[in-house]
Asks: 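First the structure, which I've put down as structure tokens, then a few questions once you've had a look.
Below, all heavy atoms of this structure are taken into account, side chains as well, without hydrogens, waters or symmetry copies. Letters A, B, ... mirror the listed sequences (proteins, then strands); counts begin at 1.
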Amino acid sequence: MAEDSILEIFNRHVKRNGVFKNRDALSPHYIPSNLPYREEQVKELSETVAPILSGRKPENVFIYGKTGTGKTVVTRYVLKRLGEFAKEREIPVNTVYINCRIHNTRSSVFIKIGRELLPDDNFLGLSTAYIYERILGKVREADIRLMVVLDEIDKLKGISETVYALNRANDELEKGSISIIGISNVLTLKDSLDPRTKSTLCQREMIFPPYNAEGLRKILEDRAKEGFREGAVSDGAIALAAAYAARQSGDARYALQLLLRAGDIAEEEGASAVTEEHVEKAKERVEEDIILEMIEALPEQEQILLLAMAKLVLAKKGQKTLGSGEVVITSGEAYEAYSKLARELGKDPVSDRWFREYISELAMYGILNVVQAGKGFRGNTRIIKLLFSPVKIADVLQRVLVA
DNA sequence: CCTCCACAGGAAGCGCAGGAGT
DNA sequence: ACTCCTGCGCTTCCTGTGGAGG
């Protein structure tokens, strides 16, 4: 790496004459000031939660729709507005947003609520029942109307117990209330709930349809206005990103990511505006992002396997000073590397038989490629290839597995 | 040509967690 | 609250395959 190229990178960031004005506006966590093509849903959810302002307990809501249909952003938007409204008029409304992928047990949900309501208390190591009582005590004492959002509720272990406990609180409270908003993209979740939980959680239901290309375009236009500098993104680029995302089952998150990455690429190239070409290039990077995200969510053993593979590929590449590229890894070598790494990490490696099952699974996901070795190798030996940059895979997994 | 090797993948069984039934 | 059952992740054991090496 030449000194000059480093300077060039740093300089680009100093100049800050890039295409972005506010890059965060393209992030999936950003809550925009208006939500095109979701006016109906905003209205319906507002109607549902509004009774809280006159002291009545809102119905519980169950929201579902595919990824990138605006479930989370609509919910956060409405609750944000609700909170602001209530604060101005000094109505004791509290909202707690919980992502169940992170807080995936009943106790961790309660701890999260407890922390929100009683920020000075330390809830670690206390029993769930105690935390529950503390929450109830606070709600009663301050006459709080609490709204709990359980996002990705399908990831929550013990949905029934959690929902039941939160809902039961209302019977024990003479003042204050607790309502639940459940969000999921698993369409079959409702059927797998027991009838009691189902009727509690689904007092009201909302379905979010996917966006069409037109809707996606409007979303991107709005966000581009906030996120990019004036004229730094062409109409063609937006239309193309919208079209790709529409094909991706109307996923707005995908559309935004595409535009964000296109912007990154434009800045890297020192371009003054984002073009269709940038979007084209961004597609690959976004797909890579998605794969890396998926790898992060994989079971630990499969992550160890992939990390071992990535390290092996890198080691072999370094060793092979002579060109000819082609790094070949047989399943035997892979298993050896994997079991060694697993032991280093203090984990028991699985048997070679099960290792082969992992390999086929990862091949099915499209992360690995497996082919018959043929000449030069014995019997049915297969050679395994990583389909993605070993550097990036190693990078991500090193971080995940150490923690 | 025969044996060995290095692996693929089927079959059976085991321990465990979670749900159904009582 | 208890047993019973079932599915899942995994190990153990096994047979099959096809080139390597004598």
Asks: Output a table of donor-acceptor pairs, distance under 3.5 Å, between side-chain atoms of residues 238-258 of chain A and any protein atom two or more places apart or on a different chain; print 'none' if there are none.
Replies:
{"unit_1": "A:Y244", "atom_1": "OH", "unit_2": "A:E280", "atom_2": "OE1", "d": "3.4"}
{"unit_1": "A:Y244", "atom_1": "OH", "unit_2": "A:E280", "atom_2": "OE2", "d": "2.5"}
{"unit_1": "A:D251", "atom_1": "OD1", "unit_2": "A:R253", "atom_2": "N", "d": "2.9"}
{"unit_1": "A:D251", "atom_1": "OD1", "unit_2": "A:Y254", "atom_2": "N", "d": "3.2"}
{"unit_1": "A:Y254", "atom_1": "OH", "unit_2": "A:E287", "atom_2": "OE2", "d": "3.1"}

Asks: Is there side-chain contact between A:I63 and A:M206, with at least one heavy-atom pair below 4.5 Å?
Replies: yes
Asks: With salt bridge (Lys or Arg N to Asp or Glu O under 4.0 Å) as the test, would you mind laying out the steps for A:D352 and A:R356 before giving the verdict?
Replies: CA-CA 6 Å; A:D352 61 333; A:R356 268 171 249 141; 3.0 Å; yes
Asks: Please state how far atom CD in A:E357 lies from atom P in B:dA11, giving the value in whole angstrom units.
Replies: 12 Å
Asks: Can you see which heavy atom on A:E152 is nearest to which on A:C100, and at what distance?
Replies: O-CB, 3.4 Å
Asks: Which residues satisfy the salt bridge (charged side-chain N to carboxylate O under 4.0 Å, His left out) test with A:R353, sequence neighbours excluded?
Replies: A:E357
Asks: Can you see if the side chain of A:R356 gets near the phosphate of B:dG9 - specifically, an N or O under 4.0 Å from OP1 or OP2?
Replies: no
Asks: Go through the side-chain N and O atoms of A:S184 and A:D154 and say whether any donor and acceptor fall under 3.5 Å apart.
Replies: yes
Asks: In terms of ring plane angle, is the pair A:Y338 and A:F355 parallel, tilted or perpendicular, where the classes change at 30° and 60°?
Replies: tilted
Asks: Looking at five pairs on each end of the helix from B:dC1-C:dG22 to B:dT22-C:dA1, what is the angle between the two axes, given to 10 degrees?
Replies: 10°
Asks: Does A:K281 pair with A:E268 as a salt bridge, N-O distance under 4.0 Å?
Replies: no
Asks: Under the ring-ring contact (aromatic ring centres under 6.0 Å, His included) test, which residues partner A:Y64, sequence neighbours left out?
Replies: A:F62
Asks: Flag the pair A:R217 and A:E221 as a salt bridge only when some basic side-chain nitrogen lies within less than 4.0 angstrom of an acidic carboxylate oxygen.
Replies: yes
Asks: Summarise how protein sits on nucleotides 17-22 of chain C as a single string, 5' to 3': B when a protein heavy atom is under 4.0 Å from the base, S for sugar-phosphate-only contact, - for no contact.
Replies: BBSSS-
Asks: Can you list the residues that meet the ring-ring contact (aromatic ring centres under 6.0 Å, His included) rule with A:Y97, with sequence neighbours excluded?
Replies: none
Asks: Salt bridge (charged side-chain N to carboxylate O under 4.0 Å, His left out) with A:E300: which residues, sequence neighbours excluded?
Replies: A:K347
Asks: Does any residue of residues 329-337 of chain A have a heavy atom under 4.0 Å from DNA chain B, and if so, which ones, in number order?
Replies: A:T330, A:S331, A:G332
Asks: So does A:R285 pair up with A:D289, basic N to acidic O under 4.0 Å?
Replies: no
Asks: Check nucleotides 16-22 of chain B for protein N or O atoms closer than 3.5 Å to its own N or O atoms and list the pairs.
Replies:
none

Asks: Tell me, please, which residues at least two apart from A:D264 pass salt bridge (charged side-chain N to carboxylate O under 4.0 Å, His left out).
Replies: A:R23, A:R261
Asks: Encode nucleotides 3-15 of chain C as B, S and - characters from 5' to 3', where the letter depends on protein heavy atoms closer than 4.0 Å: B to the base, S only to sugar-phosphate, - to neither.
Replies: ------SBBB---
Asks: Apply salt bridge (charged side-chain N to carboxylate O under 4.0 Å, His left out) to A:D222 and list each qualifying residue two or more places apart in sequence or on a separate chain.
Replies: A:K218
